Structures are given as C-alpha cells and as structure tokens.
Amino acid sequence: MIRVDNLVKSFGGFRAVDNASLEIATGSITGLIGPNGAGKSTLFNVIAGVHAPTSGRVTMDGEDITGLSPHQLFHKGLLRTFQIAHEFPSLSVRENLMMVPAGQTGETLWNSWFQRARIREEEAALLKKADEVLDFLTISHLKDEKAGNLSGGQKKLLELGRTMMVEAKIVFLDEVGAGVNRTLLNTIGDAIVRLNKERGYTFCVIEHDMDFIGRLCDPVIVMAEGKVLAEGSAAHIMENEAVIEAYLGTGLKNKVKSDEQAEVMADESHGAQPGLGDEAGTGEAS
Amino acid sequence: MSFLNAADMTGGYGKADILHGCTLSVEKGEIAVIVGPNGAGKSTAMKAVFGMLPLRGGSVTFDGEDITALTPQQRVRKGMGFVPQVNNVFPTMTVEENLEMGAFIRTDDFSHTIAQVYDLFPILKEKRRQNAGELSGGQRQQVAVGRALMTRPSLLMLDEPTAGVSPIVMDELFDRIIEVARAGISILMVEQNARQALEIADKGYVLVQGANRYTDTGEALLADPEVRRTFLGG
Amino acid sequence: EDVKMGVLLGFTGPLESLAPAMAAGAEMAMKEVSDSGKLLDGDTVTPVRGDSTCVDAAAATAAGETLVTSDGVKGILGAMCSGATTAVLQNVALPNGMVMISPSATSPALSTVEDNGLFFRTAPSDARQGEVMADEILEKGLKSVAVTYTNNDYGKGLADSFQKAYEAKGGKVTISAAHEDGKGDYSAEVGALASAGGDALVIAGYIDQGGSGILRGALDTGAFDTFVFPDGMVSQTLQDNFGSEINGSFGQLPDSEGQGMDTYLTMAKDAGFDGTSAYSGASYDGAALMLLAMQAAGSTDPNVYKDKIMEIANGPGEKIYPGDLAKGLELLKEGKPIDYEGATAVNLVGSGEAAGTFREIEIKDDKIETVKYR
Amino acid sequence: MSASRQPGETSALRAPLFFAVLALLLVIEGVTSGWNSALGILNMGLLSAIMALGVNLQWGYAGLFNAGAMGFLALGGIAPVLISMPPTPGAFRAGGMGLIAAFAVAIIALILAAQVWRKLRIRGRGLLVTLILIVGFFAYRGLFDPAVAAIEAINPSAAGNLGGLGLPTLVSWPVGALMAAGAAWLVGKTALGLRSDYLAIATLGIAEILVAILKNEQWLDRGVLNVNGIPRPWPVPYEIDLQNSASFVKMAQGWGMDPVLASTLLVKLAFLVLFLIVVLLLIWASQMALKSPWGRMMRAIRDNEVSAAAMGKNVTRRHLQIFVLGSAVIGLAGAMMISLDGQMTPSSYNPLRYTFLILVMVIIGGSGNNWGAALGGVLIWYLWVKAGDWGPDIMTMIAAPFPDGGLKEHLVDSAAHMRMLVMGVLLLLVLRFSPRGLLPEK
Amino acid sequence: MDVINALVAITNYVIIPATAYGAQLALGALGVTLVYSILRFSNFAQGDTMAFGTGVVILITWGFQAMGISFGPLPTALLALPFGIVITAALLLGTDRVVYRYYRVTRASPVVMVMVSVGVMFVMNALTRFLIGVDQINFDDGARFVINARQWREMTGLSEPLTLRSTQLITVITALIVMVALFWFLNRTRTGKSMRAFSDNEDLALLSGIDPQRVVTVTWIITGALATIAGTLYGLDKSFKAFTYFQILLPIFASAVVGGIGSPVGAVVGGFIISFSEVGLTYAWKKVATYLIPGWEPEGLVQLLSTDYKYAVSFTILILVLIFRPTGLFRGKVV
Ligand SMILES: Nc1ncnc2c1ncn2[C@@H]1O[C@H](COP(=O)(O)OP(=O)(O)OP(=O)(O)O)[C@@H](O)[C@H]1O
Ligand SMILES: Nc1ncnc2c1ncn2[C@@H]1O[C@H](COP(=O)(O)OP(=O)(O)OP(=O)(O)O)[C@@H](O)[C@H]1O
Ligand SMILES: [Mg+2]
Ligand SMILES: [Mg+2]
C-alpha cells in the first residue's frame, strides 16, 4: 500500500502539488484524474523519486520511501511509465524489454568476461519472455526495430511492456492511453485487469479517457490545483458536481461566443480567481 | 478539385515505404478526420502532406496549385498550419513567445488572435510567462494548438490534438474546431478519440498500413459496426 | 652526391615565431656550402625540414624518425626546445647514430645526458648565464630583484641557476614566479611581482612570447622601472616595441665580440630575414659545423665525422666566420686545421656545448647598446 | 546530448576492409620511407588506439563527454617516473616524512570538513567548515613547503625530486592505470552529475589542473625540467647494447642487414608486440562487456538516463564505474607512452594533441565501436604524422605556378601550418562522408 | 597606516586589469554562448575565428596607416573593424555553407558538431597563419593611456602608481554594450525570438514559417562580428599572436559555462568571475599589508596560491559553481 501524507512540491513559488494526502490500496486499480496541470504527473514523479518533495511523506507498506531514488524504488517493486514516452532509442524494441530485469548476471563487468555460459542461459530466458510481451502488445513484428523509430502509440505500448518484464508490486501508469488506438486500449485495459487479478499487481492509473477509467478503476481520486478534490467509485465521481465543473464538463455544447465577450470574460475570470474552475464557469455563463 | 488533395502518396523514412498510395482530401471549411491503429502511418501521412517527408510517388495540390515540390515553410506561407504529434512546442520559450512564433509570418497586429487563444485556453493566459517546457502534458498540448491557430491558416492540420487533454478542454477544443471550420478553414486531423472526432467530422478516413481502408462521412463510419469494433474500440 | 641535412625545429607550437629565422640561418649555411661546390667531391647539400613542435615529444620523435629513416639525412640541426631535443636524441639520434646539433636547447640537464658523442649544442648551458647575470646585477648595485621565468626547462633552469648564484653573492630574490607562454593575460603575474617588489625585474622569458606580455604589464602599471633581460628577451623586437620605455634597463646574451656576428647580420639582411632573432646565428653555426666536420673527416657518415666537430669548433687554425665557409672547406681539403668561429664565436666545452661568451647590453637612448663582453 | 543514433546498414566486410587499407598504408610507408618509420608510427598509433579505447568506453558506451583525456594521460605518465626511476639519494630522508605528514593533514582536514558538513545540523556550520579548511590549508602549507624546499635542493640540475622506487617498468603500467583511476574516482564523485558540454568543460579544466600540478611540482617529477632516461620495459632491449653485442651484429649480418637498422627495428618490434598484446586484451575485454547485458545496460543509460533509472539501473554508479574504467585505460596508455618515449615532459601535454585529437580518433573511427576506436587511433595518428610531411609538398605544389617573389616565399614559408590544414580538411571529409565514423556502431 | 596607497595598489593591480580581462573574456564568451544557444554546439573554432578576424583587421589597419588615415586619439584598428567584421562574417557564412549546413540538415548529434568545429578550428588556425603569420604584432596606435603612472604620481603625489589604458576602457564599455544589445536582440526582437525558436525546436520553427537559412545566416554574422570585436580589442590591449587565441579558448569556455552557457548576461558575469578569481586569488598581499599595517614587513608574499596555479583557480571555481548550480549561474541551456 502506498500512502501519501501532506505532500507538497513547489517549483519556484508555484505549488504544483499542494498538501495532497491519499492512499493507494494494495490490489486495487486506482484511477487518478484531474484537469491539466492539476499536479498528477508531478505527484507521480515525487512518488517515483524523480523529484524530491518540498515537504511531506510517502510510505510503501509502512516503510518510508520519501526521497528514495528511482532505481531504489524499482527494486522495491515500484514501477512507472512516462507520460511522454521514454524509450531507449538506439536499442532494439526487444532490447528495450530485455534490459529491464534487475540483477542480471551479465550486468556485472566481471561476469561478462568470466560467466559467459550463465549469461547465455539467462539471455535465452529473457528473450523468450520479451517475445511473449511483444506478442501480447501486438508489436512483435517490430522486435528488431530501433525503438526510436516507433510511432507515438507504439512507444506507449513499449512503456507498458517494460513493466511486464518483472514482478512488480505497484505500477504507476501515466496516461498510457493518450495516443493509443481505442481498440488496442481496450486490450491494454484487459491486460491491466489480468495482471491485477492474476499476478496481484497494484495499479495507479492517470488517464483522461473516462470510459477507460470507468471500466477499470476503483476507487478514483480526483486532483485539482495540486489538492485532492474528491475520491470514490468511478460512477460516484462522475456524478460529483465539483468534478464535473472542474474536469468533466458537460459534453459537446456547440456554444458560439462572440470574441469580444469571450475576451472580457477571460480577463475578468483571470483577475477574479485564477484557476481551472473558471473554464467551466465561462462555459456556463454562455 | 478539392481544396487540399493529396493523391496516391507513397514514401517512407528509409528504404521501406510506410505509405502505400494513401489519398486524403479536404474541401474548404470541411473537417476531415483520420483514424487507424498505431503505426498505421497517420502521422507519416500528415508529414507527407506538409512536405516533411520525401515522397516517392503521388502529388499534393492545395487551393488548385501543385505544391508537391514546396518546402514546409513555403507551405506555411501558402496558408497551411500543422500541429505535430510530438515535440510541438518551443520548450525554453514562454507560452506567449510560443504563440508569437506561431504568428511569425504575420505582419499585421496579432494581439487579437492571442487574446482569442487565451480565451480558448484560459490556463495559458495564466502561464503565459512560463516556459512551455515546464508545463504539464495537457497544457503543452494546448500551447501547441494555440500556436497553430496563431498562423490563421486556411488549412489546419492537427496530429492528435486531444492526446492528454482533460475532457472539458477536449470538448472546448472540438467546439473551437467546429467554429474554425465554420469560418471557412479546412481541418485535417488525426484522432484517437475517434468517436468524438468522427461525430464532428464531415469526412473520415480509416488508414491501415499506409493505405486507405475506409473512406466515408463521419457518421457513416461511426455507424459501421466493423469499423467500430476494429478501430474505434467497440 | 646530394647530402641531406635535417632542420628539425618547432615550426608550430609555442616557439613557432622563432623557428623561421633559425631555419633560414641554418639553410643559409647549407646553401653557402652547397653553392661553393667544395664539399667532399663537390657534393650538394639539401635541407629537409621537420617540425619538432617544441612541446610534443612524440611528434618530435616521429619527425626525427622520418628525417633519419626516410629522408636519409646525414645530420640534424635541432631540435629546438630541450624537451623535444632530449626525446629526439634518445629515441632517434642515439639508436641510429645520428649527429645532432641544437642551436637553442639550453637546459643544464643536456650537459650530462648520455650521447655517445653525437650531441652538441651551439648554445651555452643556462647555468653559465645565470652566473653572468648575477654578477652584472650586483655590479650595478641592485641588491634585490624579482624574477619571472617562462615555465619551461629553459626559463626554470635559468631562473634557478640565477637565483643560486645571486643569493650566494648576497643578493635577494623577492619572488621567482613562472609565467606560461602563449597565454594572453599576465595581470596576475604582474600583480604578484609588483607586490613582492625589488630594485629590478628579471624577465627570463621570450620577447615574442609571455616575456613581452609581462614587460608590457609591468611598464603599463608602473610596477618596475628597471628590467634585466637574458638572451630570450634581447632582440630587435625589444628595441622596436619598448625602446623608449626601458632606458636604463640591461641584460646579456650569448654572443661574441667581433666580426662574426656583424657579417652574419649583413648576410641575413641580404637573404631577407632577421639575423638578430634569437638563436638564428647559432643555427647557422650548427649547420656549418656539421658540414665542415664532414669535410674534415672526409665522410658524411655521422659516426665518423662526429669526432671532428670539437676539433673544428675549437681550433687551432685559421678562424672561419660566416661567409667564409668555402674557404674553410678548401683549407680542410688541403688538410689544414681551422677554428670555426661563426656568428656566435663558437667554442665548445665539456661534452660539446658552447662555452658562451656573453654580450652585456644596456638600453640607452631607446637603443640596445653593447656595453662589454664577458 | 540525447541524440538518437540511427542504425545504418553496414557491410560485414567494412571493418576488415578498413584494417586492410590501414595495413597497406603502413606497408607503403615501410617501403617508401623505411620500416623504422612505419613501425614508429604503428607503435604510437597503437598507444593512441588504447587512448581512443578509453575515451570510447566513456563517450561511446555511456555518453560521458570527457574532454580531460590529457589529464589522465599525464597522470598515468608519472607512474614510470615514480615506479621505475632510481630513487634520488637522500631525497626521501630530506623531505619524505614532511610530505607524508602534509598530505595526511590535508586529507584529515578534508574529511573533517566533509563530516562536519554532513553530520552537524547546526547554524554556522558553513563558517566552521571554512575555518577547518583554512586552518587545514595553512597547516598543510606549513609542512609541505619546507619539505619540498628540502627535496628540491638536492642536486637540482639533475634531480631535485623524490625519484622512483627502481622497480621494473612493466609494473608501472598498471600503476599508471590505477593512479588515473583514483583521480577519475575523485573527479567523477564531484563532476559526473553534470550534463554533456558542462561535463566536457569541467573535465577540460580538471585536465589543465592536473597538468599544471605536474608542471609545477618539481619534487614529484622535476616539473618543467623533465625526467629523462626512464628505463624501458622488459623485454625491450637498447639499440646501443644490441649494436655492441657481437652475437647480434653477426646475426644481423647473417640476415644481410645493417646492424644499426636491425637493432632499431628489433626494438620497435619488441615494443610493438607488447603494445599489441595490451590492445588486443583491451579490445577483447571491451567487446565482451559491450555484447553482454552490461553493455546493453550502458547503452540504455546513454540513450535515456531518466528512464534507465526508473528501470532500476543505478545511473550514478554506472557512470562512475565507466568513467573510472575509461580513465584507467587512458592512464595505462599514458604510462606506456612514457616508457616508450623514455622521458616525462609535462609541458608536452597540450589539449589539442592529447584531448581533441583523441576525440577525433574516436569519432572518426566510430564511437561505440571498439574496433572503430582502435582503427581511428592508428589511422589518425598516421595521418597526423603524415600531414606534417605532406603539408610542405602540397604547399610547394600550390606555390609552383606563382612567380618567384613575396607571395611565393610567403606560401612556402607557411608550409609548416599545412599540417593543421590537412588534418582539418581530412577530419571534415571523414565526418562529411561517414558522420558516424568509419566503422559505425552496430 | 596608509589606506589610500593600499587601495590604489589593489585598484591598479587587481581591479583594473581583472575588469579589462574579464570584459575580454566576456566578449569571447558571448560569441560561444550565441552559437551554443542558437546552433546547439560548443564552437571550438571561436578562438581561431577571433584570430582570423583580428588578422584581417590588422591588415586593413596597416592599409589605413599607409594611406595616412587615423582615428584621432583612438586606435586606427577601430576604423578597420567594420571591414574586418564583414570579411570574417563572410568567411563564417562560407564555412557554414560548405561545412556546417550538411550536419544541420542531417541532424547530426551535437558532439559530431563539436568535432566538426574542431576540424574547422584546425583549418582556420592554418588560414590565419597563412594570412598574417605567427609573429607577435602590435597594432595599437592612438593614445595608449587614459591615466598613466607618471601623470598619476604627479597629480596625486602618491607613491603607488595607477594606470588606465584606453583599450581597457574601450573593452569594458564595448562588452557591456554588446551584452545588452544581444540580450535585447534575442529576447525582444522578432528575429531574435525566431532564432531562439529555431534553437528550441527546429521542426516546429519550420512549421511556423521561420526560415532556417535566415536564422543561421544572422547567427553567423553576429558571431563573426562578436569574434572580430573581441579579438581586435584583445589584440589592441595585449598584442596579436595567433597562438594565444587558441589558448584563450579555455578561459572563454569557462566563462560561458560558469555564467550558464546560452545566457548573454551569464557570459559577462562568468567572464568577470574567471578574471577576478585568476587575478585576485593569486595576488600577493604583501605590499597592501605593508601599507595597512605599518611597521610590519611580511617575510613571505602573503599569497594564497602561487600564480602557477591561476588556471587551476579558475577551473576550480568553475567546478564548484557547476556542483552547486549544474547549469551555471544564469541557468544555461543543455543540449
Ligand atoms: N519544472 C517545472 N517548473 C515550473 N512549473 C512546473 C514544472 N513542472 C510542472 N509545473 C507546473 O506544475 C503544474 C502541474 O503539472 P503536472 O505535470 O503535474 O500536471 P498534470 O496533472 O500531470 O497535468 P496533465 O494532465 O496535463 O498531464 C502545472 O501547472 C505545471 O505548469
Ligand atoms: N523516423 C522514423 N524512422 C523510421 N521509421 C519510422 C519513423 N517514424 C515512424 N516510423 C515507422 O513508420 C510507421 C508509421 O508511423 P506513424 O508515426 O506514421 O504512425 P501513426 O499512424 O501516426 O501511429 P500512432 O497512432 O501511434 O501515432 C511505424 O511503423 C513506425 O515504426
Ligand atoms: Mg501529466
Ligand atoms: Mg502518430
């Protein structure tokens, strides 16, 4: 279980995460949603050790993991994917997966010279595993392609694929869905559920696709302006007025404003109360 | 002849072709949406239309003129605007400077357009002095679209403009796209939020492996169960 | 037969500005001999240049290697700086039995280096100059001086030997600070020197290198009025660039009294280069020595003619000056002894280095004037 | 620098072909200018290859832009001085203890300062640390200066330094590597957090500092006064000894060779064999490492550090490891070079020759490819040497059509600078027609 | 106690020279910074470009002097400067056309660009020497001093001299003007902004209708101007020698990096930091101490570090700055 207590992360004077506290229960698929700039990715990055928190605490199964570096967290079973895909461009797709598992014999220089047989064995096993994952992600035809040449969506798949190479306790997925074909996203969703059920992975998922969230996640945590705005089941959240106002909106409205009006309103709302809520306010006013 | 007509495009990055006779066309004031699986060549097709990919075959005409041989910046001056899928902001320039750069070819006063963009994406106004590289993913996407709008193009090409933006902003964005189209600007966009996109599309293309699989009106594609199942996620 | 002679100097690198006049000097001697048609059986002499780069021992070795093994030279004039010289000597000349005469390597360490009688130099060791300079300064009644030296074996060797001699005779060195050649800014050095103070500033450097920068800085800031210039500093450039500002300063350089140098200067002028440039005369002498020794030995084999070099340089016999090489060759052919004086009053001592008479100079009325020789 | 490296189709014949061309060039050199010259170039070329392998480890494998090769090379170079030169009589007695005490004081002060900085969480710890450092510095200078003065006073024109241990020169090679590794560890601990060009500039500066130390610390290596007569490594003989040995002379004459020529060739061959062994061992070790999961991990780190860290790789540790290893290889080359030259001349270390030229070797050879680095090392050294020869020839050719006079003379006089020009043009040509190097990374 | 003399000594030997030297470094660093921030590589040819530009200026200066043209109390070289700039910029544009452009189009990685610039450095190095040789050249004419030591002593009656050379004054003023101009140009003008945009994201710049060729051309022209100005002022103040212009590359890079490479203000501040640390930390305080504490004649030099290590000082500072602010004081760029 991951527990975040009063976490604050500021950039200069700006509090991207502002005193957020939340819990991700073991075995759950927790959704994390919120308007753009709510601080979701920043929260992820703090938990995953990319940024040091300004203040606050993160614990995992009761153990304080605040400020541990990413590679230490990896060894504790905490994995993450990136919102903007971070592949290894000059490695082949398969190598991108094979490099993941920790503690490979061949990762020590000494062994690379004197333990060749054992390395060969391990590599064969890894190769098999990587190919399975690639099959699963429907990109096995690209296994020898350099990862740098993949399409945007394919890179996203590769991100997910890497988490499947090891036994993870908890996986943080930062918008795996963005730019991924919906049919494929459904498959990914199924895979997440399966990993959750069969292998006991805990997931924390940032996503803007509400169908996906609705299908997969329970509970769902909503963030806005660095704070936790609401928490509950997906259905429950989608009814929540504040969430609708700040995040979901009311669907296609086909509103056509005159530009002058819009400008005035934009200025007013900016002066009056900066923040994302205004957007919905503007919408309502028209 | 259509306003934009990219006929029979064939080409790729290296030796192997990615596009195999792909054809796209948009009329004036029309919204055309391209959907398809990952790696189908959608972005590649967009780049080809914009002259960022050498074509081995096919031609691109724009406003009745053959532009196959023009460089991207010449196409910009002809009135084409493009938001790429990735790397679509100037990371160490402020939001406002990003927008100004969008208006680079304009010699008139563009402060009004900036105001319009801020109106569309209020968060950008708030962050206008911040470097675009320090924005959240969705905010960045908004900057990218805003930058393209600044050119006041007669054809706007968007590669997954809604990837990573929140539902409310997405709705807003689609609204604005409709609005832009109504003003007579043609829109060609790639979308993975395909159902919403096709709802507003006059024309839809389904691209598979660098070739057109289905071409129809947005509604018709949405209604086709085969298309829905295989490409739109049911 | 065409006798090839190596001219291995630092054409690129920190002393690249000295090299051309040195090479010109050496090549002038070779041309003189060649044109005379009197060397051995009317042999001609062709110079082959090599770039010792001054600081890069490996490159110098490679260049020396090329001269010896591929160009087949019969003697090497060079190298330029002591470091490169040692490298070429030990890695090329010694193994291949090649005679080397350096016109400018002045490090005291070269006096004792193992050389199989193959290495000579027409420049005196710095140890001697240090003593001469100390005497000179004390005679002027200057009891304390600041010293700055170019940070190489020449500068350091000279500064050390000077300091030892000067302090032994009761003088006081307030600071002995190195300066790197080829850097543009010497404010820090000048500041430190000024702060240490002293009756005069000894600049053991090169006039077209850091020495000039230090001098400029010291003059401009008004840190010192009197300067002492060892050989690397005394040249036409000093007079041209600083003449009016350094009246009353003095110095010394290995040089000889008499007609040799004058003749050489005229010859250099006619040939179109600056003969006063440091070591230019010594280069002429080095080249001439080798060629005369060949004549004396009747062979171009370095292992044979090496034994004749000391003999030629130190006499007895008729004195041979620049321009007289043809005469020298003739005399040798007739079996008569000669005493090569050359441009720099060559007189080799010890294991083959210039004994060094020194010319004391003083700057008077914006000009370098010779005071006396010692 | 997160440039994505695109794959290129490279023929398997490419490497053998280039090595064959290289061999041919050397043979031509041997035939036209003598085998001594060819072997000389090859020997130094092999040393350059070792340096290039070291830099390639850092740049090619890990993307660490170390522009301080010169410093580690120089540091490795004092190993033969300290290991294989005879000790200076009386020097250690005069100042050895003082030096040791001074260094002990310095280290204690540094550790103390670091501990205070880390452990104490009180106000004014900055002041306390400064105080410790200042006191430490003066105590250090108080012990150090007299000890140095005492050592430097001993026979200054020939010694003035501590001298060495008088051990075999071969021992100094690994010691040179260790010394460079030690320095690299310290440097890496402080500077490896820096990115790309920043690391480059920092290492460039550190190299300057190291060389400045070697130039100014007379007690250590005689500073700018140079150390001569460093013994050759076993089993390389001396030419003079060979020429004086009757049996060798007879043998040479038996082969129909001039004994002098035979002796010089034999010495070079002996060096060649030693160097070749080291080069091949290094290439083998690097290739094995590169092909193993370790190499994969390093390439992943080079491609994307953030992501590699998220995949559980300790980027800092790996960087330090490879920085130290690469520097050790460079230090090894430094020690070997000094034992080849037989002398240590600290002022000969300049960045153009020992940092930039080595980088040029790696880039032209093909960064990330060990065979490429080795090829680049030998080839570029060959070109560097030959460019010095060709320059004047080319210049004479250029000047030929001009009438005699000022311009022609000026051109001919400028011939020496043709080396730079030829080298620059060659570098640009190779980079132009094979930007990823002659043997690109696979 | 003689505070005035002490102050004069510090001014004369530390403050004035360090300021002038700092301004010289700053001008060079501005050139490096510009190329780095727009074209995204460390230009190792900058030093030799400076040498080339200065060489051209010297030749033209000689021409002017031969024609009897002078610039009053100011050095004639300043008159020749515009011509030097034109020629140097033309050379750089030519270089770009035959060399750099290819790598830009093929998107070579920055380190390849660095290597290419090393190649260009070799070539320029040779070119400069062909042009003007290797000798030291003084081409400073006009009034050398604003205040010289004798005038000062006569004026004030102090025993300590104080001098200010006209070139020092010109350099400092020029450096500040150039810094402000460059900052203004990059951040306020349309062309400047388009250059930054180009450096940020070349593709997107293309999509915004920015002409890359124009950006590159402008960059090289400014670089040529900066290099020529820097080189000429440096040469006027010290003297011209082709070799020193390669040597000065290192402190120039150090300045640019300490300040934060890519930032014009950083380049200038970096230049002063490097120069003051070189001159200040190795200054021997003996004289000043003697003035301040009467009756005390220190035995040693009261010097923190010998001048042998002045380069070490500047690089140590560089490293310290980078450890605490990894992208330099003014937040430079990282490519
Ligand atoms: N390095 C930074 N410097 C300054 N501000 C930053 C930085 N990184 C992020 N921010 C700001 O912090 C806020 C939160 O960003 P974050 O990326 O966490 O948002 P998010 O919730 O992930 O949004 P999205 O859904 O758009 O990805 C944003 O307003 C952003 O502008
Ligand atoms: N720079 C490149 N070099 C080589 N191949 C590339 C490059 N970019 C893309 N490809 C290949 O071209 C194919 C099509 O890529 P493209 O980016 O057009 O897909 P896409 O339809 O936009 O997919 P997505 O929805 O994931 O963005 C993919 O198989 C990809 O691997
Ligand atoms: Mg995010
Ligand atoms: Mg795409």
Side-chain angles (χ1 to χ4, degrees), chain B residues 13 43 46-47 49-54 70-94 96-107 110 129 131-134 140 143-153 155-159, chain E residues 33-41 101 104-107 109-110 183-219 259-266 326-328 330-335:
Chain B
Y13 299 92
S43 302
M46 297 286 266
K47 284 188 209 161
V49 170
F50 216 84
M52 301 172 78
L53 186 85
L70 296 192
T71 62
Q73 76 261 35
Q74 285 167 325
R75 295 181 203 220
V76 173
R77 286 178 194 272
K78 293 259 177 245
M80 296 171 72
F82 184 25
V83 180
Q85 184 175 7
V86 287
N87 291 333
N88 47 20
V89 296
F90 298 113
T92 70
M93 299 178 90
T94 64
E96 186 147 300
E97 284 172 333
N98 264 274
L99 298 182
E100 282 174 26
M101 282 303 116
F104 185 77
I105 55 166
R106 288 175 58 179
T107 45
F110 49 77
R129 301 248 173 276
N131 282 353
E134 293 168 354
R140 236 189 238 232
V143 175
V145 176
R147 184 205 60 83
L149 287 175
M150 290 299 297
T151 9
R152 278 212 314 219
L155 167 72
L156 182 58
M157 295 168 52
L158 305 160
D159 196 348
Chain E
T33 268
L34 184 72
V35 174
Y36 189 90
S37 62
I38 309 297
L39 303 176
R40 295 180 300 256
F41 68 94
R101 198 167 91 163
R104 222 174 23 250
V105 173
T106 54
R107 303 288 159 88
S109 73
F183 187 83
W184 174 82
F185 175 76
L186 288 179
N187 289 292
R188 297 283 179 275
T189 66
R190 206 169 92 97
T191 312
K193 282 184 189 177
S194 73
M195 287 164 69
R196 285 171 50 221
F198 172 84
S199 92
D200 252 19
N201 189 336
E202 210 177 313
D203 279 335
L204 198 60
L206 223 62
L207 297 181
S208 307
I210 294 168
D211 180 2
Q213 202 46 49
R214 199 178 113 88
V215 168
V216 173
T217 307
V218 174
T219 309
I261 191 163
S263 150
V265 184
T327 50
F330 285 79
R331 248 224 280 172
K333 233 179 157 125
V334 181
V335 285

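A, B, ... follow the sequence lines: proteins, then strands. Residue 1 opens every chain. Scope of the values below: all heavy atoms of this structure, side chains included, with no hydrogens, waters or symmetry mates. All values reported here derive from a predicted model rather than from experimental measurement.
When heavy atoms are compared at a cutoff of 4.5 Å, B/Glu100 approaches chain E solely by way of its side chain, counted from C-beta outward. For B/Met52, the part lying under 4.5 angstrom from a heavy atom of chain E is the side chain only.
Taking each heavy atom of E/Ile210 and B/Gln73 in turn, the nearest pair found is O-CB, 4.3 Å. Contact record, E/Arg190 with B/Ala103: NH1-O, 4.5 Å, taken as the closest heavy-atom pair.
Residues B/Pro84 and E/Leu207 form a side-chain contact, since some pair of their non-hydrogen atoms from C-beta on lies under 4.5 Å apart. Contact of the E/Arg196 side chain with the B/Thr92 side chain is not registered, since no non-hydrogen atoms from C-beta on lie closer than 4.5 Å.
Legend: residues meeting side chain to side chain donor-acceptor pair (under 3.5 Å) with E/Thr191, ordered by chain and number and at least two apart, are E/Arg214.
Side-chain contact of B/Arg147 with E/Ser208: a donor-acceptor pair under 3.5 Å is present, judged by distance alone.
Here the CZ-CG distance, from B/Phe82 to E/Leu206, works out to 11.5 Å after rounding to the nearest 0.5 Å. The line from CD of E/Glu202 to CG of B/Asn87 is 12.0 Å long, rounded to the nearest 0.5 Å. To the nearest 0.5 Å, atoms CG (E/Asp203) and NZ (B/Lys47) are separated by 8.0 Å.
Across E/Asn187, E/Leu204, E/Asn201, the residue that shares the most heavy-atom pairs under 4.5 angstrom with chain B is E/Leu204.
Around CZ of E/Phe185, the count of heavy atoms belonging to other residues, nucleotides or ligands within 6.0 Å exceeds 12.
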